[in-house]
Enquirer: 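This structure is in structure tokens; I'll ask about it shortly.
Hydrogens, waters and symmetry mates play no part in the numbers below; they use all other heavy atoms, side chains included.
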Amino acid sequence: MINSLASNLELDKSQQEKFDNAVKLHQEDQVKEAVSIYLDLWKNQKHAISAINAAALYRKEKNNKDAILLLKEVVSIDSDNGAAWGNLANNLFDIGDPHGAVPAYIRAIRGNNRSLDVILSLVNALKAANMPSLALKVALAAFQAGYKDVSINIVEVLANKNLANDPDISDWIDSVIESIIYRIGIDGILQVKKALSVVHVLIALNRVEQADRILKLATHINVELENRNKKNLMITNLTWNLSCTLLTNGLLEKGWRYYDAGLLVPAAGKQKYQRALFKPFHSDQIPIWRGEDIEDKRILVLGEQAIGDTMMFSLILREFIRKYKCKVSFVCGDRLLNIYRRSMECENIHILANEEVIKTSASLFDYMIPIGSILKFVVPGLSMPYLEGSLLKANPALVKKFYSRYKRSKKSRPLVGLSWRGGGGKKSRVESKSIALDQLLNPIKDMSCDFISLQYGDCQQYVENTQDKIKTTIIYDTAVNAIKDMDRWLAQVAICDYVISIANTTVHGSGGLGIPTFCLVPKSHDWRWIKPDKGYKNSYWYSSVDGVIQEDPNSRKMQLEAMTEWLSTRLSLHHQSLQV
């Protein structure tokens, strides 16, 4: 910014004319000429404004070194020059020296340079210098002094997890957010970005009701025609994040209302979207059901690409039919076809293979809908857990073969199924969900039970190495491959008395069968589990699944202790029942 105020007390008439000419050259971007005059006036007249303007041109040209040297000369002579201190701080911040910038900004404010820009810059410098608590105090002080536009920065500072529950802000956070809401309404993509940045932070802070409110306001901000797609994509992404956060906070009704955003939000890998579907028909052929009266209508329900989600969401199909008195054709995916024809096929539910639905005329269906999109219509009237007892039915012939194959009978020791590794997604996510098999087994290896691997994927060598390492026998059947034959895999799960697993598809198999299951849920769990401090523990999907969420992301100790107690209690009751 050009400072063109020059007092006649500082410059005589000819010097004033030189300064005015320099300002004109400055405005015309004739940098070299303007700097030459400014420096002459500084050198000969110690005219501080000329030096500050020259430094501004240096900074514009990315010459922070000369700008800093010049501004240090100014403040060495005029230590109360707030403009010089502010410009010096900006240059120090530019070169990655926030620790040097902080005291310079403070001197600028003391020198009566109390513009909003300087205050916001000080807050940002404190954040960059890893002093978030002080940044918060400065921002709150500015807010209380009337600088209401600093409210967005306060919320951004609060993104630091250590400050989320700071008692100093508890009396102010609501008024800060109200200030932000009051300022939302100006049109333009920049306003959308500001509003959504606040939504992003509020989601991270679990202030989901306020995030919801600001997100709704952001949707009504008008933007230029060329920015409409950008706005819609940003809002869709945050709507999906908000949906997931609402669900993990136990606010299920509102969370499911926003869940359809996942159909449009990109995902890494082959899936392309957070929720990917098998799509046999276009919506022009069969309309999407959005809550219309569908009594006696035929609805085509599409399974989700994530096979565990399809299994989980299928729990609400019967309630959906009961509530809306419709008939359903369910495309569950070919891997689940035999399981669901055995488990759910009835007068009102017809299970279709992918190829069958492709060959079926669209005219046979009145509406279609992804199975996950039904929850917003059904969940408000459901109690948790959604499945009491069992839903799935394993192939009885295969179950009988497994009993014979493993030489098991009613007198055999209880059989505990094990699954320890997650699949799909980023490597870091898979690792956060998974646990080493020996770590899982060590606390329970000497209990009065037998173990069988339910882990999908080829892990025979790993299982054998673990057996040798901890001197425990684990049944591993190379004839079972869940990736190729889920019907056979489910029959293997069905012979287990108990199941211990991390959060993967195994839980949907054992939970759907009603088998007592212990699940080690990672600290960074997804929307499929509710945070334990929200008043609901275990799985809200399956009554037979007890889920314990990791407290420390670097330790499984608490979970393993809970698992050991869980299994010990059940084995004791199991053996007592056999003695009766």
Side-chain angles (χ1 to χ4, degrees), residues 399 401-423 430-483 488-489 491-507 509-510 515-522 545-548 550-552 554-579:
V399 171
K401 283 184 179 180
F402 279 126
Y403 270 109
S404 175
R405 183 181 180 90
Y406 305 144
K407 296 180 173 57
R408 302 199 64 79
S409 69
K410 291 183 179 179
K411 295 182 179 181
S412 299
R413 298 200 311 174
L415 185 62
V416 180
L418 302 173
S419 182
W420 55 90
R421 186 163 181 80
V430 171
E431 290 177 348
S432 72
K433 291 168 60 176
S434 304
I435 184 172
L437 179 55
D438 61 327
Q439 186 181 7
L440 185 70
L441 269 173
N442 262 322
I444 58 175
K445 65 179 182 178
D446 296 324
M447 290 188 180
S448 182
C449 61
D450 298 324
F451 301 105
I452 184 170
S453 169
L454 303 177
Q455 183 62 47
Y456 42 87
D458 182 7
C459 51
Q460 181 178 5
Q461 189 61 55
Y462 178 74
V463 171
E464 290 175 356
N465 291 342
T466 302
Q467 287 184 118
D468 294 341
K469 181 178 180 181
I470 64 174
K471 311 302 181 188
T472 297
T473 300
I474 307 164
I475 299 171
Y476 184 86
D477 194 337
T478 57
V480 179
N481 186 331
I483 307 299
R488 178 177 289 273
W489 170 80
Q492 186 187 47
V493 176
I495 70 167
C496 295
D497 297 289
Y498 309 101
V499 170
I500 294 174
S501 177
I502 52 92
N504 63 15
T505 307
T506 303
V507 174
S510 61
I515 296 172
T517 302
F518 186 93
C519 184
L520 293 88
V521 185
V545 175
D546 296 322
V548 173
Q550 188 179 18
E551 291 180 351
D552 180 353
N554 300 312
S555 173
R556 294 277 190 179
K557 182 181 178 182
M558 176 274 296
Q559 286 182 305
L560 293 172
E561 289 175 349
M563 175 196 74
T564 303
E565 182 179 355
W566 179 91
L567 184 59
S568 177
T569 300
R570 276 151 187 79
L571 291 177
S572 177
L573 292 172
H574 186 99
H575 292 302
Q576 288 176 26
S577 67
L578 292 178
Q579 294 171 3

Enquirer: Can you sort out the partners of T506 under side-chain hydrogen bond (donor to acceptor under 3.5 Å, both in side chains), two or more places apart, ordered by chain and number?
Expert: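 With neighbours one apart ignored, the set is S419, N504.
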
Enquirer: Partners of D552 by side-chain contact (heavy atoms from CB on, under 4.5 Å), sequence neighbours excluded?
Expert: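 Once residues adjacent in sequence are excluded, the partners of D552 under the side-chain contact (heavy atoms from CB on, under 4.5 Å) criterion are N554, S555.
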
Enquirer: Say whether, by atom type as modelled, one donor and one acceptor occur between the side chain of K407 and the main chain of S404 under 3.5 angstrom.
Expert: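 No; zero donor-acceptor contacts below 3.5 Å.
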
Enquirer: Looking at Y462 and A436, what are the two nearest heavy atoms and their distance?
Expert: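 The answer is OH-CA, 3.5 Å.
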
Enquirer: Looking at every non-hydrogen atom in both residues, tell me the closest pair between C459 and W420 and how far apart they are.
Expert: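 Looking at all heavy atoms of both residues, the shortest contact is SG-CZ2, 3.8 Å.
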
Enquirer: Any sub-3.5 Å donor-acceptor pair from S434's side-chain atoms to G422's backbone N or O?
Expert: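 Yes; at least one donor-acceptor contact below 3.5 Å.
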
Enquirer: Please identify each residue that fulfils side-chain hydrogen bond (donor to acceptor under 3.5 Å, both in side chains) with Y498, with sequence neighbours left out.
Expert: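 For Y498 the side-chain hydrogen bond (donor to acceptor under 3.5 Å, both in side chains) partners, ignoring immediate neighbours, are H574.
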
Enquirer: Tell me, please, which residues at least two apart from E464 pass side-chain hydrogen bond (donor to acceptor under 3.5 Å, both in side chains).
Expert: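 Only Q460 meet the side-chain hydrogen bond (donor to acceptor under 3.5 Å, both in side chains) criterion with E464.
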
Enquirer: Atom CG of L437 and atom CD of Q467: how far apart are they, to the nearest 0.5 Å?
Expert: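 Reported to 0.5 Å precision, the distance equals 9.0 Å.
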
Enquirer: Excluding sequence neighbours, so at least two apart, what forms salt bridge (charged side-chain N to carboxylate O under 4.0 Å, His left out) with K469?
Expert: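 With sequence neighbours excluded, K469 shows a salt bridge (charged side-chain N to carboxylate O under 4.0 Å, His left out) to D438, given in chain and number order.
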
Enquirer: Which heavy atom of G457 sits nearest to which heavy atom of Y476, and what is that distance?
Expert: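 Closest pair (atom of G457, atom of Y476, distance): O-OH, 3.6 Å.
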
Enquirer: Considering non-hydrogen atoms only, spot the tightest contact between G547 and V521 and give its length.
Expert: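 Result for this residue pair: CA-CG2, 4.2 Å.
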
Enquirer: If you look only at distance, which donor and acceptor atoms sit under 3.5 Å apart when one is on a side chain in residues 443-453 and the other is two or more places apart or in another chain?
Expert:
unit_1, atom_1, unit_2, atom_2, d
K445, NZ, I470, O, 3.4
S448, OG, H575, NE2, 3.4
D450, OD1, R413, NE, 3.2
D450, OD1, R413, NH2, 3.0
D450, OD2, R408, NH1, 3.2
S453, OG, Q455, N, 3.3

Enquirer: Rounded to the nearest 0.5 Å, how far does CG of D458 lie from OG1 of T478?
Expert: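 Here the rounded value is 9.5 Å.
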
Enquirer: Can you list the residues that meet the side-chain contact (heavy atoms from CB on, under 4.5 Å) rule with D477, with sequence neighbours excluded?
Expert: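 D477 satisfies side-chain contact (heavy atoms from CB on, under 4.5 Å) with F402, R405, Y406, A479, V480, Q492 only.
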
Enquirer: Decide yes or no on side chain to side chain contact (heavy atoms under 4.5 Å, CB included) for R421 and V430, but give the supporting numbers first.
Expert: CA-CA 7 Å; R421 186 163 181 80; V430 171; 3.7 Å; yes

Enquirer: Rounded to the nearest 0.5 Å, what separates atom CD1 in I502 from atom CD1 in I500?
Expert: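 It is 13.0 Å, given to the nearest 0.5 Å.
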
Enquirer: Under the side chain to side chain contact (heavy atoms under 4.5 Å, CB included) rule, what do V416 and F518 come out as? Steps first, then yes or no, please.
Expert: CA-CA 10 Å; V416 180; F518 186 93; over 6 Å; no

Enquirer: How would you list, by chain and number, every residue that makes a side-chain contact (heavy atoms from CB on, under 4.5 Å) with S409, sequence neighbours excluded?
Expert: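 With neighbours one apart ignored, the set is K411, S412.
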
Enquirer: Any donor and acceptor pair, going by atom type alone, linking the side chain of S572 with main-chain N or O of S568 inside 3.5 Å?
Expert: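 No; judged by distance alone, with no hydrogens or angles, the pair does not exist.
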
Enquirer: Can you list everything that forms a side-chain hydrogen bond (donor to acceptor under 3.5 Å, both in side chains) with R556? Sequence neighbours excluded, please.
Expert: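 Residues passing side-chain hydrogen bond (donor to acceptor under 3.5 Å, both in side chains) with R556: Q559.
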
Enquirer: Could you walk me through whether D497 and L571 pass the side chain to side chain contact (heavy atoms under 4.5 Å, CB included) check?
Expert: CA-CA 10 Å; D497 297 289; L571 291 177; over 6 Å; no

Enquirer: Kindly indicate whether the side chain of L454, heavy atoms from C-beta on, has any atom under 4.5 Å from the side chain of S501.
Expert: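 Side-chain contact under 4.5 Å: no.
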
Enquirer: List in chain and number order the residues that pass salt bridge (charged side-chain N to carboxylate O under 4.0 Å, His left out) with R570, two or more places apart in sequence or in another chain; answer none if no residue qualifies.
Expert: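 Applying salt bridge (charged side-chain N to carboxylate O under 4.0 Å, His left out) to R570 gives D546.
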
Enquirer: Check whether any side-chain heavy atom of N442 lies under 4.5 Å from a side-chain heavy atom of T472, and answer yes or no.
Expert: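 Sidechains of T472 and N442: no contact.
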
Enquirer: Any side-chain heavy atom of Y403 within less than 4.5 Å of one from L415?
Expert: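 A side-chain contact is absent here, since even the closest heavy-atom pair is not under 4.5 Å.
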
Enquirer: Only counting residues at least two apart or in another chain, list the ones meeting side-chain contact (heavy atoms from CB on, under 4.5 Å) with E551.
Expert: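 With neighbours one apart ignored, the set is M558.
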
Enquirer: For the atom pair CD (Q439) and OG1 (T466), what is the distance rounded to the nearest 0.5 Å?
Expert: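 One gets 11.5 Å once the value is rounded to the nearest 0.5 Å.
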
Enquirer: Restricting to non-hydrogen atoms, name the atom on V499 and the atom on W566 that form the minimum distance, rounded to 0.1 Å.
Expert: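 Of all heavy-atom pairs spanning V499 and W566, the closest is O-CH2, 3.9 Å.
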
Enquirer: What's the shortest heavy-atom distance between V399 and A494, and which atoms?
Expert: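 Heavy atoms of V399 and A494 come nearest at CG2-CB, 4.1 Å.
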
